[in-house]
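If you scroll down you'll find the structure; I have some questions about it.
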Amino acid sequence: MTRLLGAVWHERGGRTGFGLVLAVLLLALIGPWIAADPNKIEVQIRFSAPSLIHLLGTDNLGRDLFARVAFGTRSALTIACVVVALSMAGGICLGVIAALSGRVVDRMVIALLDIISAFPVYILIFALVALYGTGLGKLIVVISLAFLPQFARVARSQALTLKHRPFIEAALLMGLSRPLIILRHIVPNIIGPMIVLASMNVPVVITIEAAMSFIGLGVQPPATSLGTLIRDGYVFLDQSWWPIAGSAAVLAVATLGCTLLGEALRDAVDPKLRGRL
Amino acid sequence: MHSDAMSTPAPAAIDVTAAAVSFGGFRALDGVGIAVPPGSCFGIVGESGSGKTTLLRAVLGLQRLSAGQVAILGAVQPEVRDFRRQATTIQPIFQDPAQSLSPRRRIGQSMDEVAGCLGEPRDEMRARLAEILQRLGLPPGVVDLYPHQISGGQARRAAIARALLFRPRILVADEPTAGLDVSVQGDLLNLLQEVRAATAVTLLVISHNLAVVRLIADQVAVMHRGRIVEQGDCGLVLQTPQADYTRQLLASWPRARSEGD
Amino acid sequence: MQDKSRSGSIGLHNLSVDFTSRDATPIPVLRDISLDIPPRSVVGLVGESGSGKSTVALALMGLLAPNARVRGGQIQLRERKIACTDGAALAGLRGREFAMIFQDPAASLNPVFSIGAHLHEVLRRCDPQADRTERQARAVAALGTVGFDRPEARMRNHMHELSGGMRQRVVIAMALLARPSLLIAEAPTPAPDVTVEAQVMAQMCALRDEIGCSILLITHSLGLVARYCDQVAVIYAGEILERGAVAEVARQPAHPYTADLFTCDVEIDAPRTGPPLDQRFQVIPGDLPALRDLPKGCIYAPRCARAVAECAAAHPRLRPLADRPGQETRCILTP
């Protein structure tokens, strides 16, 4: 693990990504503690420019934008991490089961994954939201489902290459039960690439969540997320550009940082993939 | 003990009859039958693609047969094996035994799994392990190391130690000398010989190394293109080969010293 | 007899190569390697894993890994002297004077190109004057020489359409077109099937007779050396411990390591002493010396059963034996 972090640190992209992610994490973790109340309305100071009291200025209702961005970042990161963790867990289960079961189960799982990934991500999310309605919990499940296939495919292919490795067959011939083989011998050996894939998907999920919140299908007011903040700022863009600047900048930094870090992690885990998308 | 193995009425340790396996249209095994007397060493020789590895996997239950059957110690094996029950009867020694240790687990953790499979208290198992490690010339400290932290030779011994923890009646060795230098291959072979001498285990050894099999095996089967072209007493088969293929194999074998130009 | 033709020999003199380790310390993987390859002869370079035998081949081809550094060495090719440090000069020899045959033909054929494209490529490099029609004619002729029935049709085939033996013949045809002075053949470990090995070696010897090249056979198998080589050099931990004519070395090894290797080699007709269960095998106890921390004296002394105090005192040189012309050893105990 330290070797992996060392390799990430060795690359300039890795260092930059690490720094940016750290900054965003600090904002999400510490920001809400030091910020003012994000929902306190002071209409008389609406659209004020950044100052020492309001670090990022105020919005159309005079709410402190730093506080709103901090809370928005926290919810955006939380949602992204939950979504990625769910897809990764589901993907590992499905992929490993497909790889280790007989041909029939394998084909069925692949067909299921193909059906999910046949729809463009946004269309799939709209369709599922239309079916099951809005709500943060539902949205998380829906985005997780949309991201499941890529995790499941990687897990399956990794498990397939492990399946005939001598140490797996030796474990089988020792009489170890299948669940134990999966837990002790397969998952620890595929978790590396899965974590890399996860880190590269976090920024994608952040933008999807922002987009969903932007069009009103995600986080509902008075809660904030980067998407709702950008939407609110967008509506009043002709009056002040401060409200959109902070949230958009954080979204950009978070996306860039996660992508760079993810790429550096991927290169560290598998140098052969360097330079590929 | 190998001399009276033939006369005892005990069932064969491994009895394969009319085994066939096809991959697509390719017949990897075609009507193969062997009977391995208990306590003996049985060698299967052949070149790559001869089907010897498929036969080994079929014996272990890792490869289903499309026809024929495998009996172990007289019990005909079902299509889906109960590996837990089988584990104390038959254990493999893979081509690269070091590879049969999980790379992310300490040697000791891999050994503890044996206790779990046998339902044996961990301390008892560790006591037996200490004895086996000593017998195989491994320092007791290896249990705290990961496979990549020990030498290839030590990892081989560790993998064999784990197989021996099951007190198996049969060991199946796949190409035990492949990829080993001549100066160290003897080490592994001597170890197998000593294990055999000490435990009376039956050894089925798959190898392309005719010269080695010739010395350690009681009986030998020569495989070519999924079939057994010749089998019988090891000395006899390799001294007076009947099949053309066996002769060709023996003739192609390069000799380091006794070459007459 | 070999002395007469020595002027035409290909010589490698005092090749030394370091690898740079992760902590930037140089590791001397080859030290003072010298080989003399008489014309039309087959010289075996025999060594176990970790001996550096493959590094010798790669150094001759100028194909060392980026972390390798050639400290010195010289190639003598007819009247030319080429420094082993001169990458550009080595690249010039590669494919024209020196060709390498991997015994796994799949490793040297590109699956997306046809057989014809491979042969044309060789000719474009070795004979840039030849035009397309001439190249085609020579390529087809070469395929015919190595025994393909319908060579024109084979030109359009790809690697996956050919069997292993046919691929090997394509590689031989490529060498035939390149007409190198030296063919470097590396036998793979683990060894391939003996019947395949025998075929490949027979084809290479036929090629040698056809184009009059020399062969450097890099292998771990004493059997191969004994059967096909005229001369042998035994390499251990980056140093040549013994050189000489194969028949002599096999009959009377002048270095204990060579003798131990022959003892460990299990002969196909070795006598069975007693029942199979009582068979035991010879081993050389101990491990290769650490290249970072080589013994001061003879590098084989720590594992050598015959070692005496003087062996560890000073590093021995490769010296000719007085009573056996052509045979050289580093062992100070050999008279």
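Numbers restart at 1 for each chain; the letters A, B, ... are given by sequence-line order, proteins then strands.
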Among C:Q279, C:R280, C:Q199, C:Q282, which residue forms the greatest number of heavy-atom pairs with chain B at distances under 4.5 Å?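 Option with the top pair count is C:R280.
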
Determine the option with the most heavy-atom pairs under 4.5 angstrom with chain C, choosing from B:C234, B:G235, B:A211, B:S183.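 Maximum pair count with chain C is reached by B:S183.
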
Answer yes if the side chains of C:E186 and C:S54 hold a donor-acceptor pair under 3.5 Å, and no otherwise.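 Yes, side-chain donor-acceptor contact under 3.5 Å.
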
Partner of B:M223 under side-chain contact (heavy atoms from CB on, under 4.5 Å), chosen from B:I34, B:I44, B:I206: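 Single side-chain contact (heavy atoms from CB on, under 4.5 Å) partner of B:M223 among B:I34, B:I44, B:I206: B:I44.
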
For each of C:V246, C:D265, C:D278, C:V225, tally heavy-atom pairs with chain B at distances under 4.5 Å, and name the one with the top tally.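 When all of C:V246, C:D265, C:D278, C:V225 are compared, C:D265 has the most.
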
Heavy-atom distance under 4.5 Å to chain B: side chain of C:E48, backbone, both or neither?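 C:E48 touches chain B through backbone and side-chain heavy atoms alike.
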
For B:E175, is it the side chain, the backbone, both, or neither that has a heavy atom closer than 4.5 Å to a heavy atom of chain C?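 Neither the backbone nor the side chain of B:E175 comes within 4.5 Å of chain C.
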
Tell me, do C:I184 and C:I101 make a side-chain contact under 4.5 Å, heavy atoms counted?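 No; the side chains remain at least 4.5 Å from each other.
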
CD (C:E161) with more than 12 external heavy atoms under 6.0 Å: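 Result for CD/C:E161: enclosed.
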
How far does CD of B:E47 sit from NE2 of B:H208, to the nearest 0.5 angstrom?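 The NE2 atom of B:H208 is 9.0 Å from CD of B:E47, to the nearest 0.5 Å.
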
Hey, which of B:A251, B:S48, B:G153 has the most heavy atom pairs under 4.5 Å with chain C?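 So the answer, after comparing B:A251, B:S48, B:G153, is B:S48.
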
